[in-house]
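Working notes, beginning with the structure itself.
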Amino acid sequence: MSTPFYVSPQQAMADRAEYARKGIARGRSVVVLQYADGIVFVAENPSRALHKVSEIYDRIAFAAVGKYNEFENLRIGGVRYADLRGYTYDREDVTARGLANVYAQTLGTIFSANAEKPYEVELIVAEVGPAPEDDQIYRLPHDGSIVDEHGSVAVGGNSDQIGTYMDQRHREGMSLGEALKLAVEALKRDTNGSERSLDAEQLEVAVLDRERPQRRKFKRVPAGQVARLLEETPAPESTEGDSEGGDEDK
Amino acid sequence: MDFLSDHAPEQLPGNRPLPPVEGAVQAPHGTTIVAATFAGGVVLAGDRRATMGNVIAQRDIEKVFPADEHSAVGIAGTAGLAVEMVKLFQLELEHFEKVEGSTLSLEGKANRLSTMIRGNLGMAMQGLAVVPLFAGFDLDRGKGRIFSYDVTGGRSEEPGFAGVGSGSVFARGSLKKLYRDEMTEEQAATVVLQALYDAADDDSATGGPDMTRRIYPVVVAITEDGYRRLSEEEVSGLAQTVHDGRLRLPNGPQAPVS
């Protein structure tokens, strides 16, 4: 009689985490930054049809990396949750915190359930507030934890390097052009330290603009406008590349 | 809505048990809505009165709502049910837009509203009818369009102008004489205000412009740029012009005999 082989729970979880992380690391990154009038989402995404950044509700948007079918599923779930909640109670009662909690529950359950494979996704849920200090950004890794982020955040393939690059250079009250420029500079970073070139056509850009008069603050920024914004904004004054803390003026 | 019926069917207007009642139920009713197309879009307007039998239930009710960026809906009939129906309709259009990443066609929106009215037929048979008027800018065809409905959900597109509600008979008569093709937005807004004035003149359930309380009809315009509600100043200005005209000619502008 064969003995069923034993795998310790620690090992099982580590394997699953490893699997999910690898899946996520294969894709391109998404970055989210606060700027003076709201929150900007920048994704490297050659497809015009399959979005990585989408609207969830009035002040809430969603960004994701990883497997498309898996995060699309979560996105639709989120839109349903938000719409049902807003219809049952009031539009004000739909919050990013509530939504992030639902996502965390879902991802956590899938991650720990024995039968299925974990989702290879990492999500960002962001809500724009009436003032910059009321903005909320939550990052949800594949295992169902929630990380409360401020200023800037990156998820996906090369997120560690990109995240560090942005953290050093991001400051409060940036204009949309400046934030966009920083995001693009950060996304150009490759795993091996070299830089790739990125033009507006390869980017998916959207904003949650608190100054937008409509109730729904989410707006996609078309490629033409992205190119114009990047062109008009002067390059950041920092000296080239990797010198750490090179920006005394921040 | 499909998601609602699976997960929270009690939230759907059509799914409630019908109340056992004898005679008409007393609930606030909204009255007259009119719409007219013009060169770059369509205007939709509603008076501000809700009645319950012979009583004026509310004198500042609003019965015209945005459905989405490029369409609006005005409601006549039982106010409570109608407002709820509009809320669900708005939700559904927005939900579709977010999930699919594109907006429904104007025809699609009009058809969806038709299904929702049909869902309320049971209530309508008990005297709680909801009859909306739907207007929007068709981005594909580049023009304003108007759809009217009956209680069973029957839908028909109206060329030029339309009206629903108790005062609509008089409003339509007035529109017939005043409407012409290729009006400007301001002219179209004035025409619908004239029509509401005529409706209020002959129908006790329709409210005219209330000069003393400064309550004026709600007028919205939908063009290629989207939905816009005319501001209080704009509407009061137009209402004042209409009112001043009526001081001279109480029956309103006169159309040529032949």
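The structure displayed is predicted, hence computed values, not measured ones. To find a chain, count down the sequence lines: A is the first, B the second, and so on, and within it residues start at 1.
Within a 6.0 Å sphere centred on CD of A/E133, other residues, nucleotides and ligands contribute more than 12 heavy atoms. Counting non-hydrogen atoms of neighbouring residues, nucleotides and ligands closer than 6.0 angstrom, the CZ atom of B/R214 reaches no more than 12 such neighbours. Counting heavy-atom neighbours within 6.0 Å of A/E231 CD, excluding the residue itself, gives a total of 12 or less. Heavy-atom contacts from other residues, nucleotides or ligands closer than 6.0 Å to CZ of B/R118 number 12 or fewer.
With a threshold of 4.5 angstrom between heavy atoms, A/R91 approaches chain B through side-chain atoms but not through N, CA, C or O. A/Y57 touches chain B through backbone and side chain together, each having a heavy atom under 4.5 Å away.
Side-chain contact check for A/R80 versus B/V99: every heavy-atom pair is 4.5 Å or farther apart.
Interface check for chain B: of the options A/R75, A/H51, A/E72, A/Q214, the most heavy-atom pairs under 4.5 Å are formed by A/R75.
If you take CD on B/Q90 and OH on A/Y87, they are separated by 10.5 Å, rounding to the nearest 0.5 Å.
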- Message: B/K98 vs A/I56, test: side chain to side chain contact (heavy atoms under 4.5 Å, CB included). Steps then yes/no.
- Response: CA-CA 7 Å; B/K98 287 191 289 196; A/I56 296 280; 5.8 Å; no
Q | Residue pair B/E97, A/R216: steps toward the salt bridge (Lys or Arg N to Asp or Glu O under 4.0 Å) verdict | A | CA-CA 12 Å; B/E97 187 184 330; A/R216 291 161 68 181; 3.2 Å; yes
